[in-house]
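One-based numbering, in listed order, for ligands and for the atoms of each.
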Amino acid sequence: MQIKCISVSYILCLTFVGTYGSENAPTNDFPASFKFGVATAAFQIEGGWKEDGKGPSIWDVGTHEHPNSVVDGTNADIADDSYHQIDRDIEMLRDLGVNFYRFSIAWTRIMPNGDRSSLNRFGIQYYNTLIDKLVANSIEPMVTMYHYDLPYELQKIGGLTNPLFPQYFESYANVLYSNFGDRVKLWITFNEPSDYCVPGYGAGSEPPFVNATGIGEYLCMHHSIIAHARAFHLYKRDYFKQQGGKIGIVSSSRFYFSRTNDTGIVNRALQFNLGWTMHPIFSKSGNYPEVMIRDIASNSQMEGREWSRLPEFDEFSIAYIRGAADFLGLNYYTSRYVQLGPHAETKNPSWEKDARLNCSVDPSWKRAKTPWLYNVPEGLGGLLRWIKEEYNNVEVIITENGWSDDGRLNDQGRVDSLKEHLRYVSQAIKKHGCNVIAYSHWSLMDNFEWLKGYSERFGLYYVNISSPERTRVPKKSSDVYKRIIATRKLD
Ligand SMILES: *[C@@H]1O[C@H](CO)[C@@H](O)[C@H](O)[C@H]1NC(C)=O
Ligand SMILES: *[C@@H]1O[C@H](CO)[C@@H](O)[C@H](O)[C@H]1NC(C)=O
Ligand SMILES: *[C@@H]1O[C@H](CO)[C@@H](O)[C@H](O)[C@H]1NC(C)=O
Ligand SMILES: *[C@@H]1O[C@H](CO)[C@@H](O)[C@H](O)[C@H]1NC(C)=O
């Protein structure tokens with residue numbers, strides 16, 4: 001959830017005319033098979049940061065060593081205390097009536113050091129309890145294996161820039177399938193690689209704070225994709241026959257509009273964002289988007305390098321990665337207008353400079369508490385249709401979509417955003433034949449919003465972070481979502 005453009009301090013006052021998202025005939029219901037859920041992530045809700053043998057993650061260490069990097073100086077040592085509040089969390093899920101719950105497993109609870117030598121049965125027990133209670137309440141578990149919280153011990157050996165990372169990840173995935181795969185049928189390997197690779201290993205602005213700009217972010221993505229493919233093939237080879245589940249990967253992406261109808265720049269922007277992760281897996285090429293391969297190679301050459309900063313997939317990898325997923329997970333929050341930015345200079349290269357996206361917003365777009373989040377529901381429609389064309393109508397799960405504010409209970413902004421986005425989802429399915437099978441709202445409850453701490457709230461439930469019980473209170477949006485789920489209709 002980063003700002004992925006050259007920031008511009010002015011706003012152009014032109015109205016949007018574009019190829020996508022212009023239909024306004026209302027569509028307001030969902031197929032009977034369509035599933036509704038809510039999402040969370042381990043680090044943002046669990047707390048219990050060193051309980052029962054859990055090892056530290058890069059976010060534990062990062063927030064402890066750099067408390068000033070979190071805007072309100074907080075950390076996630078206790079967070080929503082979900083480590084101790086499974087029953088209360090289940091109660092909320094039941095009350096909402098969700099079909100599924102997307103949560104993540106903390107690698108550091110399962111393997112505190114990141115490898116099999118440190119296997120921790122208490123971690124396995126915690127997730128067994130959670131999964132059993134979900135199943136007992138007919139709530140399908142959807143598990144994210146990796147949601148930013150890398151074991152710190154693995155960071156000591158380079159983290160996601162280490163070429164052995166995929167091997168460690170496969171070993172972790174193996175433990176998850178063998179312990180939970182009898183009940184978990186929907187697996188997500190990675191959440192938002194571009195969002196942890198660019199700030200984590202490129203700009204150095206988020207844990208693990210590695211500033212290897214222009215190189216580290218590409219290595220991180222490369223190893224994330226290979227690790228994903230290894231986990232996918234392991235499942236198909238050793239588990240699928242018995243367990244019959246699905247494996248996907250999640251990327252966030254904005255949609256882009258051009259004020260001059262320049263489809264070239266819109267495509268470039270989408271390829272540098274969603275395509276960076278998804279093109280190797282879902283396109284016929286089995287490789288990074290052509291525009292990335294070409295431009296990063298040419299920039300690297302101008303910089304006097306012997307090889308491209310974008311790593312190459314060899315022939316074996318291409319065949320191995322192509323098609324290695326059952327569904328595409330999409331986190332959609334917002335959109336931008338885009339035009340081509342300046343040519344990269346040869347000093348301090350970065351993903352951002354390679355991408356050359358000069359972004360701006362429309363003054364009529366309503367802004368959330370989060371500075372980058374503008375309400376652009378038509379962008380979700382545009383993105384779903386782009387995915388349909390680009391990736392041969394692959395099965396899509398909207399794994400996140402949401403709105404931030406100060407935590408107020410009368411959260412009309414979230415209510416409006418939820419309904420407007422769902423309207424475009426319904427339309428994408430019914431009018432445009434997009435293969436979207438599920439929608440998951442971010443988030444079940446207010447939680448630790450990374451470097452924004454508790455200052456920005458995305459929950460359907462308010463969480464009182466100053467009460468020892470971390471009391472949860474339903475917001476207006478939870479009632480609205482509950483009704484939508486029950487009726488499968490927007491009013
Ligand atoms: C990252 O490194 C570059 C080049 O050394 C430097 O210009 C930049 O300020 C550094 N960024 C951070 C966040 O430390
Ligand atoms: C953009 O394309 C639309 C639809 O094709 C057209 O109506 C509009 O006039 C075009 N706008 C510009 C600025 O070219
Ligand atoms: C981005 O576009 C605006 C509007 O055309 C322009 O004024 C500005 O200089 C551009 N910024 C960069 C960094 O190219
Ligand atoms: C949060 O909890 C604290 C401590 O229990 C209490 O004093 C405060 O009134 C609560 N705030 C809200 C908004 O409920």
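- A cation-pi contact, defined as under 6.0 Å to the ring centre and within 45° of the axis, links R109 to Y126.
- For atom 9 (O) of ligand 4, the protein comes within 4.0 Å by no heavy atom at all.
- A ring-centre distance under 6.0 Å is not found for W59 and F448.
- A donor atom on one side chain and an acceptor atom on the other are found under 3.5 Å apart for D354 and Y218.
- Looking at ligand 4, you'll find an N or O of N464 within less than 3.5 Å of one of its N or O atoms.
- For Y333 and W403, the gap between ring centers reaches or exceeds 6.0 Å.
- Of the options N358, L357, L340, V338, the smallest heavy-atom separation from atom 11 (N) of ligand 3 is shown by N358.
- Scanning the protein for heavy atoms near atom 13 (C) of ligand 4, the closest one is Y462 OH, 3.6 Å.
- Closest to atom 5 (O) of ligand 4 among all protein heavy atoms lies S467 CB, 3.7 Å.
- By the side chain to side chain contact (heavy atoms under 4.5 Å, CB included) test, N68 pairs with no residue at all, sequence neighbours left out.
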